[in-house]
Amino acid sequence: MDIFATIIDDNGHSFGDEAVFDVELDIQGDPESGFHTKNDPRPGHQWHRDDITQRKGAIGVKCNMTDIVHGKLSEDNEDEYVTLIVLLFRFDVRNNSRRIARADITINFSGKDEEDPYSRPEVYDISFNDVFSLVEKSHSESITKGISGTAGFTGVQMAELSGSLKWEKTTTQEIESYTTIIGNTYRRGFEFGGDNQVNWILKENDKFQTGIPVALRAGILLKRRDETPFQCDVKIDLKADIRSRLETFFGWHKPKDDSVLFNPKVKVSARKLGAVDPQQLDTNNLGKFNLGAISDITFLRVYDGAVKGRSQITE
């Protein structure tokens, strides 16, 4: 996974394009930055890894594949296959003065042969496939408009006209602003065929600078021609206001995380973070699965049992 970061100051001003870093966190970096994520080297264990990537530092980033289900597109079409993938993204800021202003998530799918356009799966549907506004907030803005000047005139009748005009108008209006999530699919790396790339963008409310949500759970439906293996690569670009301790976030240029490998013929083990209710699944009609049932965005987690009462103890 690639992580990119643009440094901005506390007022939201960018340090410029020269401050954009290509970040590859590796095992030789800060002890808190985390390791690259590799596939299990044991034969038969390299498929469907649930730990897609994780980085720990000034900002923690984690992605898990909570569910993976292979099935048929529909009962009426036995020759088209579908795979359901559910991903959970975590964005943890470990300092109250820090925030993530934007996260750009890109997932590229390819076949076993990356150059073969017919071996790749096609994106059939995704969660949040549109522009969504979240957590509406409003603020007041006062706008003052005015103009002033003079006009003079002298004619043959020795008349002079002079005047001045000055006016101001102040209006106050309520401006609504939002946190935003944008989802879309694209075709990348091929000149024809269906889309093979998924993109989600999380943008903070730039007026209030509240940061992006702490968690995003989203699903992907892939349409496949056959039961051959395929793979995906995940990239996350971050725009963050990191001004100090860059060594806890930036590492050195080293090999990326391994591609995530999928094999529809291999049984998928149960996932501890699973979001899919087996009662909702019809693997012979998986193309009609409602992705809204597993889609979720979290801004704040509150533990309800944290406030406890205590009665007075008398002797």
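Any value given below was found using the heavy atoms of this structure, including those in side chains, with hydrogens, waters and symmetry copies removed.
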query: Is a donor on one side and an acceptor on the other found under 3.5 Å between the side chain of Asn196 and the backbone of Arg188?
result: yes
query: Should side-chain heavy atoms under 4.5 Å link Ile, Leu, Val, Met, Phe, Trp and Tyr, which residues sit in the same cluster as Trp47?
result: Leu261, Val266
task: Sequence neighbours left out, what pairs pass ring pair (Phe, Tyr, Trp, His ring centres under 6.0 Å) with at least one residue falling in residues 60-83?
output: His48-His70
With Asn129 via side-chain hydrogen bond (donor to acceptor under 3.5 Å, both in side chains) - residues at least two apart: none
- request: Name all residues meeting the side-chain hydrogen bond (donor to acceptor under 3.5 Å, both in side chains) criterion together with Gln46; count only those two or more places apart in sequence or in a different chain, and write none if there are none.
  value: none
task: Could you pull out all residues at least two apart from Lys265 that satisfy side chain to side chain contact (heavy atoms under 4.5 Å, CB included)?
output: Glu227, Asn263
- request: Tell me, please, which residues at least two apart from Asp113 pass side-chain hydrogen bond (donor to acceptor under 3.5 Å, both in side chains).
  value: none
- prompt: From Thr179 OG1 over to Asn205 CG, what is the distance, rounded to the nearest 0.5 angstrom?
  reply: 5.0 Å
query: Do Lys235 and Asp257 pass the salt bridge (Lys or Arg N to Asp or Glu O under 4.0 Å) test, and can you show the C-alpha distance, the side-chain angles, and the key distance before you say yes or no?
result: CA-CA 10 Å; Lys235 182 176 74 172; Asp257 292 331; over 6 Å; no
field: Nearest-0.5 Å distance that lies between atom CG in Leu286 and atom CG in Leu84
entry: 5.5 Å
field: Pairwise distance CD(Gln231) to CG(Asn108) - rounded to 0.5 angstrom
entry: 10.5 Å
message: Through direct or indirect side-chain contacts below 4.5 angstrom among Ile, Leu, Val, Met, Phe, Trp and Tyr, which residues connect to Tyr118?
response: Phe192
- prompt: Who pairs with Phe128 by side chain to side chain contact (heavy atoms under 4.5 Å, CB included), at least two apart in sequence or on another chain?
  reply: Phe132, Ile181, Trp200, Leu216, Ala218, Ser295, Ile297
- prompt: Roughly how far, to the nearest 0.5 Å, is the CG atom of Asn199 from the CG atom of Asn184?
  reply: 7.5 Å
- line: Sorted by chain and number, sequence neighbours left out, ring-ring contact (aromatic ring centres under 6.0 Å, His included) with Phe190 holds for none
query: Yes or no on side-chain contact (heavy atoms from CB on, under 4.5 Å) for Val69 and Leu281, after CA distance, side-chain angles and deciding distance?
result: CA-CA 9 Å; Val69 181; Leu281 283 179; 3.9 Å; yes
field: Side-chain donor or acceptor of Arg49 paired with backbone N/O of Asp51 under 3.5 Å
entry: yes
- request: Please list all pairs passing the side-chain hydrogen bond (donor to acceptor under 3.5 Å, both in side chains) test where one or both residues lie in residues 281-293, with sequence neighbours left out.
  value: none
- line: With sequence neighbours left out, the residues meeting side-chain hydrogen bond (donor to acceptor under 3.5 Å, both in side chains) with Thr180 are none
statement: Heavy-atom closest pair (Leu291 atom, Leu221 atom, distance to 0.1 Å) is CD2-CG, 4.1 Å
field: side-chain contact (heavy atoms from CB on, under 4.5 Å) partner of Phe262, chosen from Arg224, Met65, Lys112
entry: Met65
message: Rounded at 0.5 Å granularity, tell me how far CG in Asp104 sits from CG in Leu238.
response: 9.5 Å
- request: Keeping to residues at least two apart or across chains, list the ring pair (Phe, Tyr, Trp, His ring centres under 6.0 Å) pairs with something in residues 266-290.
  value: none
field: Test: Glu80 and Lys223 ion pair at under 4.0 Å
entry: yes
- line: Shortest non-hydrogen pair, Gly183 vs Ile126, comes out as C-CD1, 4.2 Å
- prompt: Considering only heavy atoms from C-beta outward, does the side chain of Tyr124 approach that of Ile220 to under 4.5 Å?
  reply: no
